[in-house]
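Side-chain atoms are counted along with the backbone in the values below, which use heavy atoms only and exclude waters and symmetry mates.
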Amino acid sequence: MHAPETYDYAVVRVVPRVERGEFINAGLVMSCERRGWLQARIELDHGRLRALWPDVDVEAVEHALSAIPRICIGGADAGPIGLLPLRARFHWLTAQRSAVIQTSPVHMGRCADLDATMERLLQRMVRT
């Protein structure tokens, strides 16, 4: 067990019609700078998405969402953003934007187990 660490997180959202502001939570991005830890988990609920966006191209949305974990891992496979330092990647991922894929404001917390905290946040914020 590690000593408590400070972490930042944001909820990944799919916003079918940006002008309406309706969204479903589809995942989580979480970072602990001191531990060099940046991860994302995406769990898109197709049924909930179709309820807001009946003619959605699920494959296109999933393709866009799949970039988020790749950017967290970093490296050339994630494109130019993947080559940025960890903290810069987190800030890029959580920057405010007007697009189908967005994130919530960034929130902060403290925990001793980052993996367990991510699981708890996913359960509370993303899963139904």
Side-chain angles (χ1 to χ4, degrees):
M1 179 83 62
H2 296 282
E5 297 283 358
T6 300
Y7 66 90
D8 296 313
Y9 76 94
V11 179
V12 176
R13 298 171 170 168
V14 178
V15 185
R17 290 176 38 200
V18 175
E19 69 277 9
R20 289 183 58 108
E22 298 171 334
F23 61 86
I24 66 161
N25 293 342
L28 195 74
V29 178
M30 191 168 142
S31 173
C32 177
E33 185 174 17
R34 197 167 96 67
R35 295 260 311 275
W37 193 91
L38 176 61
Q39 289 190 16
R41 297 260 307 272
I42 304 298
E43 297 183 7
L44 180 61
D45 183 325
H46 297 182
R48 291 177 67 206
L49 180 59
R50 282 195 175 93
L52 282 182
W53 193 1
D55 58 343
V56 64
D57 181 347
V58 174
E59 190 174 306
V61 172
E62 285 183 333
H63 179 71
L65 289 169
S66 72
I68 296 169
R70 283 196 318 274
I71 290 169
C72 289
I73 293 167
D77 289 343
I81 302 303
L83 300 176
L84 295 173
L86 181 137
R87 198 67 185 157
R89 284 183 276 141
F90 179 77
H91 286 299
W92 187 88
L93 286 166
T94 60
Q96 189 174 19
R97 52 183 52 93
S98 179
V100 171
I101 307 300
Q102 299 181 17
T103 59
S104 71
V106 174
H107 304 282
M108 188 178 106
R110 285 182 53 82
C111 71
D113 185 333
L114 294 165
D115 293 311
T117 299
M118 175 167 276
E119 183 63 27
R120 181 179 53 80
L121 288 170
L122 278 165
Q123 187 63 36
R124 191 170 76 196
M125 306 293 212
V126 177
R127 298 174 185 147
T128 54

Are [Y] and [X] co-members of a hydrophobic cluster defined by side-chain heavy atoms under 4.5 Å apart?
X: Leu49; Y: Ile68; answer: yes
X: Tyr7; Y: Val11; answer: yes
X: Ile71; Y: Leu83; answer: no
X: Val61; Y: Val12; answer: yes

Hey, mind stepping through Leu93 and Ile81 against side-chain contact (heavy atoms from CB on, under 4.5 Å) and telling me if it holds?
CA-CA 9 Å; Leu93 286 166; Ile81 302 303; 5.9 Å; no
Measure the [atom1]-[atom2] distance between [X] and [Y] for me, rounded to the nearest 0.5 Å.
X: Glu119; Y: Arg41; atom1: CD; atom2: CZ; value: 5.0 Å
X: Leu121; Y: Arg127; atom1: CG; atom2: CZ; value: 10.5 Å
X: Ile101; Y: His63; atom1: CD1; atom2: NE2; value: 11.0 Å
X: Tyr9; Y: Phe90; atom1: OH; atom2: CZ; value: 10.5 Å
X: Ile24; Y: Leu52; atom1: CD1; atom2: CG; value: 6.5 Å
X: Asn25; Y: Leu44; atom1: CG; atom2: CG; value: 11.0 Å

How about [X]: does its [atom1] atom have over 12 heavy atoms from other parts shown lying under 6.0 Å from it?
X: Gln96; atom1: CD; result: no
X: Glu59; atom1: CD; result: no
X: Asp77; atom1: CG; result: no

Closest contact, heavy atoms only, [X] versus [Y]:
X: Ala10; Y: Thr94; value: CB-CG2, 3.7 Å
X: Ser31; Y: Leu38; value: CB-CD1, 3.8 Å
X: Val18; Y: Ser98; value: CG1-OG, 3.1 Å
X: Cys72; Y: Val29; value: SG-CG1, 4.3 Å
X: Ala26; Y: Val126; value: C-CG1, 3.9 Å
X: Cys111; Y: Leu114; value: SG-CD2, 3.6 Å

Between [X] and [Y], is any pair of side-chain heavy atoms under 4.5 Å apart?
X: Leu28; Y: Met118; answer: yes
X: Trp53; Y: Val100; answer: yes
X: Ile42; Y: Pro69; answer: yes
X: Gln39; Y: Trp37; answer: yes
X: Arg50; Y: Val58; answer: yes

Looking at Arg87 and Asp8, does any basic side-chain N land under 4.0 Å from a carboxylate oxygen?
yes
Evaluate the criterion side-chain contact (heavy atoms from CB on, under 4.5 Å) for residue pair His91 and Leu84; output intermediate values, then yes/no.
CA-CA 10 Å; His91 286 299; Leu84 295 173; over 6 Å; no
